[in-house]
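For reference, the structure discussed in these notes is given below.
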Amino acid sequence: MMQQARTSWFFISLSNKDMIYHTQLSDSLLRNMIRRKEIRLGGNKKLKIYGTLRCTSGKRMKKENRVFFLNEQQALQHHYRPCAHCMREEYKKWKNGSGAKVGDIINWV
């Protein structure tokens, strides 16, 4: 029952384009949200970098610095940049100034 309420709150949070802080999630809730594709990208809130959930750089960061996003658009709205390790092409575009901007339509599957 408690987990259902927490999941509902986070679903509302995601629909409002908010990032989710890792410290606010239990391990089981995090796994469930990833399975349901409610979380697709991770980010470092101090460095303002986002990347894939499988990125080795992202896996090394401290839990208190980790945030999650539903899609790339959310990360961009919070002024995060792509990771140079796991999102090399997006990073190169960002570095050259031709990357996705807030308001662009981005397909992330």
Side-chain angles (χ1 to χ4, degrees):
M1 182 74 167
M2 177 67 164
Q3 187 169 345
Q4 233 176 0
R6 288 181 81 184
T7 303
S8 299
W9 180 83
F10 283 113
F11 181 74
I12 292 167
S13 177
L14 284 171
S15 66
N16 290 333
K17 297 182 176 30
D18 289 336
M19 63 185 147
I20 300 171
Y21 295 91
H22 192 170
T23 54
Q24 296 176 335
L25 298 173
S26 67
D27 291 341
S28 62
L29 182 56
L30 176 59
R31 281 191 299 275
N32 288 335
M33 292 180 80
I34 291 170
R35 278 189 210 118
R36 289 191 306 266
K37 298 186 192 264
E38 294 172 359
I39 291 175
R40 295 189 178 189
L41 297 169
N44 185 312
K45 72 178 183 179
K46 290 197 177 205
L47 300 175
K48 302 286 265 187
I49 298 171
Y50 71 92
T52 65
L53 296 176
R54 295 178 183 259
C55 181
T56 55
S57 295
K59 288 181 180 182
R60 288 193 305 257
M61 84 176 82
K62 293 181 180 180
K63 186 176 183 176
E64 58 266 17
N65 292 336
R66 190 176 292 125
V67 294
F68 297 104
F69 301 102
L70 174 61
N71 55 38
E72 198 169 5
Q73 186 67 29
Q74 279 184 348
L76 293 171
Q77 286 177 338
H78 288 280
H79 307 285
Y80 279 62
R81 70 159 177 87
C83 174
H85 298 280
C86 65
M87 301 183 78
R88 187 163 302 281
E89 290 305 312
E90 292 87 346
Y91 174 78
K92 286 179 184 176
K93 289 177 186 174
W94 171 83
K95 187 84 170 163
N96 293 329
S98 62
K101 308 279 189 286
V102 175
D104 289 350
I105 297 174
I106 300 169
N107 294 322
W108 184 266
V109 180

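The NE2 atom of H78 sits 5.5 Å away from the CG atom of D18 when rounded to the nearest 0.5 Å. Rounding to the nearest 0.5 Å gives a distance of 9.0 Å between CD1 of I34 and CZ of R31. To the nearest 0.5 Å, the span separating NZ on K59 from CZ on R54 amounts to 7.0 Å. To the nearest 0.5 Å, the span separating CG on L41 from OG1 on T52 amounts to 7.5 Å. To the nearest 0.5 Å, atom CD of residue Q74 and atom CD1 of residue I20 are 7.5 Å apart. Separation of atoms CG (N65) and CZ (R60) is listed at 13.5 Å; rounding is to 0.5 Å.
Counting only heavy atoms from C-beta outward, the side chains of F68 and L30 approach each other to under 4.5 Å. Counting heavy atoms from C-beta outward, E64 and Y21 have side chains that stay 4.5 Å or more apart. Inter-residue side-chain proximity for Y50 and C83 is flagged as unmet; no heavy-atom pair is nearer than 4.5 Å.
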Requested in this report: Any chance you could lay out the side chain to side chain contact (heavy atoms under 4.5 Å, CB included) test for E72 and M87, step after step, and finish with the verdict?
Outcome: CA-CA 11 Å; E72 198 169 5; M87 301 183 78; 4.0 Å; yes
Report task. I would like to know whether R40 and N71 meet side chain to side chain contact (heavy atoms under 4.5 Å, CB included); could you show each step before the answer? Result -> CA-CA 6 Å; R40 295 189 178 189; N71 55 38; 5.8 Å; no
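Taking all atoms of both residues into account, the shortest heavy-atom contact from H85 to C55 is CB-SG, 4.3 Å.
A single hydrophobic cluster is not seen to contain both V67 and M61; linkage of ILVMFWY side chains at heavy-atom distances under 4.5 Å, directly or through other members, places them apart.
L47 belongs to a hydrophobic cluster whose other members, connected by ILVMFWY side-chain contacts under 4.5 Å either directly or through intermediates, are I49.
Within 6.0 Å of NZ on K63 lie more than 12 heavy atoms contributed by other residues, nucleotides or ligands. Dense packing is recorded around NZ of K48, with more than 12 heavy atoms of other residues, nucleotides or ligands lying under 6.0 Å away.
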